[in-house]
Each structure stands twice: as C-alpha cells, then as structure tokens.
2 protein chains.
Amino acid sequence: MREHHTEMTGHHTLRSTEEAVGDRLGGLNLDFEAMWAVSNIYRASTAIRNHLEQTVLRDTGLTWTGFVVMWVVWIWGESETRHVAKEAGIAKGTLTGVLKTLESHRYVRRAPNPADRRRVMVTLTSSGERLMRTLFPQFNQEEAFVVKELDSQRRRALAASLRVVVQHLEGTVRP
Amino acid sequence: MREHHTEMTGHHTLRSTEEAVGDRLGGLNLDFEAMWAVSNIYRASTAIRNHLEQTVLRDTGLTWTGFVVMWVVWIWGESETRHVAKEAGIAKGTLTGVLKTLESHRYVRRAPNPADRRRVMVTLTSSGERLMRTLFPQFNQEEAFVVKELDSQRRRALAASLRVVVQHLEGTVRP
DNA sequence: GAAATATTGTTCGGGACCAAATCCTTGATG
DNA sequence: CATCAAGGATTTGGTCCCGAACAATATTTC
C-alpha cells in the first residue's frame with residue numbers, strides 16, 4: 001500500500017486521516033483491512049449523500065429521507081407503511097413524521113386499508129409522481145458522476161461486494 | 001399469523017427490491033451500474049451502522065455520532081472543533097450539540113484556545129480515553145464480522161474503490 | 001364468545017442534524 | 001485609533017431519528 005502525499009495543504013484529507021490512524025493504532029492488534037473497508041463505506045455514503053443533497057435535492061424542498069421514502073413508494077406502488085419504513089431504512093415512528101411532512105407538501109397521501117383498519121397505505125399524488133419523473137433521471141445522472149472514476153468492472157464488483165455485506169448482516173438473526 | 005399482503009411481493013429482500021426497480025424502470029435510459037453501486041453503498045452503510053449500534057454501542061449510552069466524534073478526537077488528539085466536525089462529517093452547529101451531550105457524560109472537555117479566543121479545543125477526559133480503549137477493539141471485531149464473507153483481496157478492492165469515489169467527490173470544488 | 005395475545009401506526013421525549021441568523025473575536029483598512 | 005470585514009463558535013427553527021409507551025384493531029386460545 002503505497003501512499004504518498006500529493007500536497008501538504010495543512011488540511012486533513014482522506015489520506016492523512018488514514019495515516020493518523022496508522023500512527024495512533026499501529027501497535028495494536030487490529031483487523032485493518034476490515035477497518036478500512038468499513039470506514040470507507042461510511043465515508044463514501046456521507047460524501048454521496050451530501051453531494052446529492054447539494055445537487056439534485058437542493059431546490060426541491062425535499063430532504064434526503066423524504067426523497068428515499070418517495071422513491072420507495074414510486075418503485076413499489078401503493079404500499080403499507082411498515083414496508084416503506086423497512087425499505088427506506090428508518091424506524092416506523094420516524095416514517096410517521098416524514099409522511100406528515102410529505103403530506104403537507106401534497107406529494108403523498110395516506111389511505112386506510114379497509115380490510116385491516118390497523119394498516120395504512122401510502123400512495124404518491126399525481127404531483128408527487130410528476131416530481132419523481134423529473135427528479136429521478138437527474139438523480140441517476142449524479143449517481144453516474146459519483147462513480148465516474150471507476151470502470152464498469154469495478155462498479156459491478158463494488159456493488160457485488162456490498163450486496164454480500166448487506167445480505168450477511170440482514171441474514172444474521174438477532175435474538 | 002401469516003402475512004396476507006400477498007402474492008408476488010412476498011418478502012422484501014435486497015434481491016426483490018432490485019427486481020422491482022428493474023420492473024419499474026426497465027424501459028428508461030438509465031445508468032443501472034451506477035445506480036446499483038451507489039444504492040448499495042447507502043444500503044450497506046445503513047446496515048453496518050444499525051449493526052454496530054445494536055452490538056458495540058448498545059449499552060454504552062453513546063450514539064453513533066457521539067462515538068464517531070470521540071473517535072476523531074481520540075485519533076487526532078486535542079483538536080479544533082472545526083476540524084472535528086469536518087472529520088466526523090457533520091455540520092459545525094450539530095457538533096456544538098453533540099459536544100454538549102458528550103460533556104454532560106464527562107467524556108470530553110472543551111478548552112478555549114488562549115491564542116485566539118474565537119477557537120475552541122476539544123480533548124478526551126481520562127474517562128473518555130478509557131472508554132475508547134475498551135470500546136474500539138470491540139468495534140473493530142464487529143467490523144471484521146461485517147466483512148467476514150469477503151476475502152482479503154475483495155476487502156482491499158472495496159476500500160480502494162470507495163476511496164476513489166470519496167476523493168472524486170471531495171476533490172470536486174463546488175461553486 | 002370472551003379473554004388473552006399480537007400486530008399496526010401514532011405519540012412522545014431526547015438527541016442528531018442542517019442552514020441561516022447571531023454573537024464574539026481578530027485582522028485589515030482608512 | 002476606529003471602523004469594518006472576515007472568521008470563529010453558538011443559537012434557532014424545522015426536520016429527522018430512534019426506542020418505548022400507547023391505543024386501536026385483529027387473531028388465537030380457552
């Protein structure tokens with residue numbers, strides 16, 4: 001692993017962070033490969049989210065989570081809240097609040113399920129549908145920008161490795 | 001008690017989500033490789049964070065962000081708040097609140113910089129230091145669990161690809 | 001069938017989170 | 001020196017976020 005400084009800006013880049021970690025933890029018996037893999041997943045995720053918020057979402061009035069929730073409903077069609085929360089990766093209590101916000105913008109609508117009155121269904125309004133149709137291609141364009149520096153093979157390998165991680169974690173039953 | 005919500009959806013695994021996307025967006029002209037790479041980064045990041053919160057952080061009273069902030073100060077030593085916020089990937093206003101929480105647990109301490117009284121330095125208390133020394137090895141052990149299903153070469157490739165993404169995004173100067 | 005048990009969405013309390021406004025301090029400019 | 005601009009952290013307002021407690025509804029058990 002050869003790491004060389006391109007520049008000494010005095011600011012803290014990714015490279016110098018990893019060096020600081022090496023300095024601080026070099027003596028300990030740690031799994032550094034696992035550490036770099038995991039910490040870079042988190043780091044990339046933050047950077048990507050920031051980037052997409054700043055570009056595509058900037059003037060829409062939508063938050064990241066609001067967008068994700070609408071995306072789920074858009075992909076799956078009318079859905080139960082339970083399902084939406086799971087797919088969006090948020091707690092059901094959180095979803096209640098997010099839906100309240102999205103409803104106030106008239107992007108989604110709640111509808112009680114007549115067959116089971118505990119359940120609530122969520123649908124996009126036509127205005128929400130329209131928003132997703134214009135927003136999603138822009139979103140995908142920025143996704144392409146994000147992985148621009150990786151060739152096709154690496155993109156597929158990246159996605160494949162991450163799928164393995166996710167399925168490993170989700171497949172692990174917790175007591 | 002079986003699920004009556006039906007038929008073709010069944011359970012919602014990673015695979016079936018990707019299938020739903022294919023059904024819904026198959027006709028559009030999109031960069032699917034980019035989409036899978038990016039969405040799996042986010043998905044993995046969420047799954048990992050949940051896992052670590054449920055295991056290592058569960059009984060510590062620390063939030064994810066609180067841990068990350070302490071980690072940064074632990075690695076870098078006494079630091080300026082500005083630097084900590086950047087490394088932790090949160091806004092400076094957020095850091096103020098997080099530090100207030102951590103200070104109330106006596107894990108960190110604020111100290112005004114005498115040379116420039118606008119600046120504030122953050123250090124770990126000895127109790128915070130002790131906490132990191134016991135917590136971090138556990139954390140690393142769970143990181144190893146997270147990537148258990150990937151061989152060494154894939155772990156390195158994963159980290160390397162993510163570094164490329166992060167540096168590409170952070171290197172992109174925004175107007 | 002009534003009572004016990006489970007499931008579902010909402011509410012609530014305490015944090016996390018951001019962008020913008022604010023408050024202090026420093027450095028520059030006249 | 002006095003003023004003003006720039007650079008720090010904090011506060012503020014609105015949203016997100018979780019877990020636990022809750023009320024309503026559905027299912028199982030006896």
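Order of the sequence lines sets the chain letters (A, B, ...), proteins ahead of strands, with each chain counted from 1.
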Between [atom2] of [N] and [atom1] of [X], the distance in whole Å:
X        : N      : atom1 : atom2 : value
B:Leu57  : D:dC18 : CG    : P     : 15 Å
B:Lys86  : C:dC17 : NZ    : P     : 18 Å
A:His83  : C:dT8  : NE2   : P     : 13 Å
A:Arg119 : D:dA26 : CZ    : C1'   : 9 Å
B:Arg49  : D:dC16 : CZ    : C1'   : 11 Å
A:Leu102 : D:dG14 : CG    : C1'   : 14 Å
B:Lys100 : C:dG15 : NZ    : C1'   : 12 Å
B:Glu53  : C:dA16 : CD    : P     : 11 Å

Original post:
What's the verdict on salt bridge (Lys or Arg N to Asp or Glu O under 4.0 Å) for B:Arg43 and A:Glu87, showing C-alpha distance, side-chain angles and the deciding distance?
Top reply: CA-CA 9 Å; B:Arg43 210 174 257 279; A:Glu87 283 293 318; 3.7 Å; yes

Pairwise N/O distances under 3.5 Å, protein to nucleotides 23-27 of chain C:
from, atom 1, to, atom 2, distance (Å)
C:dT26, OP1, B:Arg117, N, 3.1

Could you tell me whether a side-chain N or O of [X] sits under 3.5 Å from a main-chain N or O of [Y], the two making a donor and an acceptor?
X        : Y        : answer
B:Thr96  : B:Thr94  : no
B:Ser79  : B:Val84  : no
A:Thr46  : A:Tyr42  : yes
A:Asn40  : B:Arg163 : no
B:Thr134 : B:Leu131 : yes

Subject >> 5′-ward residue of the pair A:Val120/B:Gly89 relative to DNA chain C >> reply: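 Mapping each residue to its closest nucleotide by heavy atoms, the 5'-most match is A:Val120.
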
Original post:
Closest nucleotide of DNA chain C for A:Arg58 versus for B:His105: which of these residues is on the 5' side?
Top reply: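 Its nearest nucleotide being more 5', the pick is B:His105.
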
**OP:** Among the candidates C:dA16, D:dT15, D:dT10, find the nucleotide nearest to the side-chain atoms of B:Thr101.
**Re:**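 Of C:dA16, D:dT15, D:dT10, C:dA16 is nearest to the side chain of B:Thr101.
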
**OP:** Just say parallel, tilted or perpendicular for the rings of B:Phe67 and B:Phe139, cut-offs at 30° and 60°.
**Re:**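 Geometry flag for B:Phe139 against B:Phe67: parallel rings.
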
Original post:
What orientation do B:Trp76 and B:His83 show, parallel under 30°, tilted 30 to 60°, or perpendicular over 60°?
Top reply: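 The arrangement is perpendicular - the two ring planes meet at more than 60°.
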
Subject >> Phosphate OP1/OP2 of C:dC18 contacted by A:Gln54 side-chain N/O (<4.0 Å) >> reply: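 A:Gln54 to C:dC18 OP1/OP2: no side-chain N or O under 4.0 Å.
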
Original post:
Using a heavy-atom distance cut-off of less than 4.0 Å, which residues of residues 90-99 of chain B contact DNA chain D?
Top reply: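 By residue number: B:Lys92, B:Gly93, B:Thr96.
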
Original post:
A:Thr65 or A:Asn113: which one's nearest nucleotide on DNA chain D is closer to the 5' end?
Top reply: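 First, find each residue's nearest nucleotide; the 5'-ward one identifies A:Thr65.
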
Subject >> Closest non-hydrogen atom pair, B:Val147 against A:Ala37 >> reply: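 Minimum heavy-atom separation between B:Val147 and A:Ala37: CG1-CB, 4.1 Å.
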
